[in-house]
Number of protein chains: 2
Amino acid sequence: MILKSQVEWALHCCAILAGLPEGRYLSTKALAELHGLPKEYLSKALQSLSQASLVDTTLGPSGGYRLARSASEINFLDIVEAVEGKARSFTCTNIRENNPCRPAGYCDSKPCAVARIMWEADEAWRDTLRRVRLSDLVGILSEEVRPDLWQSTFEWVLKRAG
Amino acid sequence: MILKSQVEWALHCCAILAGLPEGRYLSTKALAELHGLPKEYLSKALQSLSQASLVDTTLGPSGGYRLARSASEINFLDIVEAVEGKARSFTCTNIRENNPCRPAGYCDSKPCAVARIMWEADEAWRDTLRRVRLSDLVGILSEEVRPDLWQSTFEWVLKRAG
DNA sequence: TGTTTTGCGGATATTCTATATCCTTAATTC
DNA sequence: GAATTAAGGATATAGAATATCCGCAAAACA
Ligand code: SF4
Ligand code: SF4
């Protein structure tokens with residue numbers, strides 16, 4: 001059970017987009033270059049963010065992506081689910097139905113305890129992600145990233161933002 | 001990000017083993033038949049449980065598996081990690097190192113906030129699983145499974161337990 | 001003793017997903 | 001009209017999950 005690397009990409013891209021001045025866009029090309037990622041494939045992750053209405057896009061030169069709402073109104077789960085999907089990590093294949101002792105026509109009233117417990121853990125994972133806002137991430141990064149790197153990255157981005 | 005089906009298999013098998021009388025063993029063949037699973041492949045899951053010291057095994061006719069310790073001393077996380085591995089679901093590929101603005105020789109003091117937050121969610125998932133004991137599962141199942149099915153399954157298992 | 005049954009591990013095949021690239025189309029800027 | 005961009009479809013590659021098969025050693029039993 002491993003998250004796809006697009007999750008990491010999307011989170012980092014959103015953190016960068018959160019630092020954009022109002023109304024500016026940043027292109028896939030710039031985001032790929034900044035993170036050393038394959039442009040074409042990163043584009044798929046950004047499209048997922050777009051389909052989830054987390055980012056706005058515009059075409060043409062000076063086009064690209066920006067956040068669709070403020071960083072305090074986007075949480076980690078929004079981003080993770082956008083690229084990873086909303087499906088639960090535990091899938092129930094209903095093997096209890098194969099029990100040879102089952103009376104004919106037996107019908108389970110509800111999902112069995114195994115599935116419910118696994119789903120509860122899944123929900124705990126989601127809850128944690130839901131509680132962290134994108135703005136929280138930016139706050140932490142701004143404290144932890146060395147000021148010179150933070151500033152030069154900011155300038156690098158601005159130079160390329162349309 | 002999806003758990004392998006072996007996780008479900010292992011959980012159900014452990015629930016069955018928890019109902020075995022002291023000192024008896026149940027074979028892969030019986031467990032596979034009871035759950036309608038491919039015997040050879042289920043065997044891999046059971047081997048994982050064995051390597052994790054969750055079950056004891058014995059060879060020969062009347063051989064098979066039994067719990068290595070009481071059901072109250074085994075929790076869901078033990079079983080899940082035995083077959084799924086202990087690796088965290090979010091893997092950090094350190095893409096921040098690709099930032100072209102990075103000064104030469106820049107060395108990050110610690111994992112970045114993105115990774116730490118994702119790992120925190122992962123830990124919440126594990127915590128939930130850690131808190132549920134195998135004996136808890138058996139308790140719930142014994143209440144929810146229809147008594148006649150519960151009993152006939154029990155008899156079916158006993159007939160095959162060595 | 002020898003035959004059967006069992007778990008164990010290695011090797012291998014198959015199926016599915018994640019990863020990655022390419023190409024066309026339509027919108028936007030200049 | 002030319003250049004640039006996101007969107008989305010098609011396709012190729014790599015790797016993981018799923019599944020089967022085989023040989024081995026231990027245990028049970030006749
Ligand atoms: S988890 Fe429970 S409900 Fe889901 S397949 Fe297994 S037995 Fe059936
Ligand atoms: S999550 Fe943070 S530490 Fe991990 S790879 Fe991405 S940037 Fe680097």
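Chain naming here is simple, since letters A, B, ... match the order of the sequence lines and numbering starts at 1 in each. Quick caveat, the model's predicted, so the values are computed rather than measured.
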First encountered from the 5' end of DNA chain D, between A/Thr57 and A/Ile2: A/Thr57
Nearest to side-chain heavy atoms of B/Gln51, which nucleotide of C/dC22, D/dT5, C/dG9: C/dG9
Gap separating the CG atom of B/Asp56 from the CZ atom of B/Arg69, nearest 0.5 angstrom: 10.5 Å
Sugar-phosphate only, base, or nothing, as touched by B/Ser43 at under 4.0 Å among non-hydrogen atoms: nothing
Nucleotide C/dG9, atom P - distance to OH of B/Tyr41 in whole Å: 16 Å
Phosphate OP1/OP2 of D/dA7: any A/Ser50 side-chain N/O under 4.0 Å: yes
B/Glu40 CD - D/dT20 P separation (whole Å): 8 Å
Interatomic distance, A/Asp56 CG vs D/dA7 P [rounded to whole Å]: 10 Å
Nearest-angstrom distance from the residue atom CG of B/Leu17 to P of C/dG7: 11 Å
Value in whole Å for how far the C1' atom of C/dA18 lies from CD of A/Gln6: 8 Å
Test: A/Arg126 and A/Glu81 ion pair at under 4.0 Å: yes
Sugar-phosphate only, base, or nothing, as touched by B/Gly64 at under 4.0 Å among non-hydrogen atoms: sugar-phosphate
B/Ser5 side-chain N/O to D/dT18 phosphate OP1/OP2 under 4.0 Å: yes
Protein-nucleotide distance (A/Leu42, atom CG; C/dT19, atom P), rounded to Å: 13 Å
A/Asp78/A/Arg133 salt bridge by N-O under 4.0 Å criterion: no
Between D/dT5 (P) and A/Glu33 (CD): distance, integer Å: 11 Å
side-chain N/O A/Thr28 vs D/dA6 OP1/OP2, d < 4.0 Å: yes
Any donor-acceptor N/O pair under 3.5 Å between C/dG7 base and B/Gln47 side chain: no
Whole-Å distance separating the CG atom of A/Leu37 from the P atom of C/dA18: 18 Å
Minimum-distance nucleotide to A/Pro61 side chain [options: C/dG9, D/dT18, C/dT29]: C/dT29
Touch class at under 4.0 angstrom, heavy-atom based, for B/Tyr25 against every strand present: nothing
Reported CG-to-CG distance for the pair B/Leu34 and B/Leu26, which is rounded to 0.5 angstrom: 8.0 Å
Residue whose nearest DNA chain C nucleotide is more 5′ - A/Leu59 or A/Lys39: A/Lys39
Donor-acceptor pair (no angle test) under 3.5 Å: B/Lys44 side chain, C/dG7 base: no
Side chains of B/Met118 and B/Cys92 in contact at under 4.5 Å (non-hydrogen atoms): no
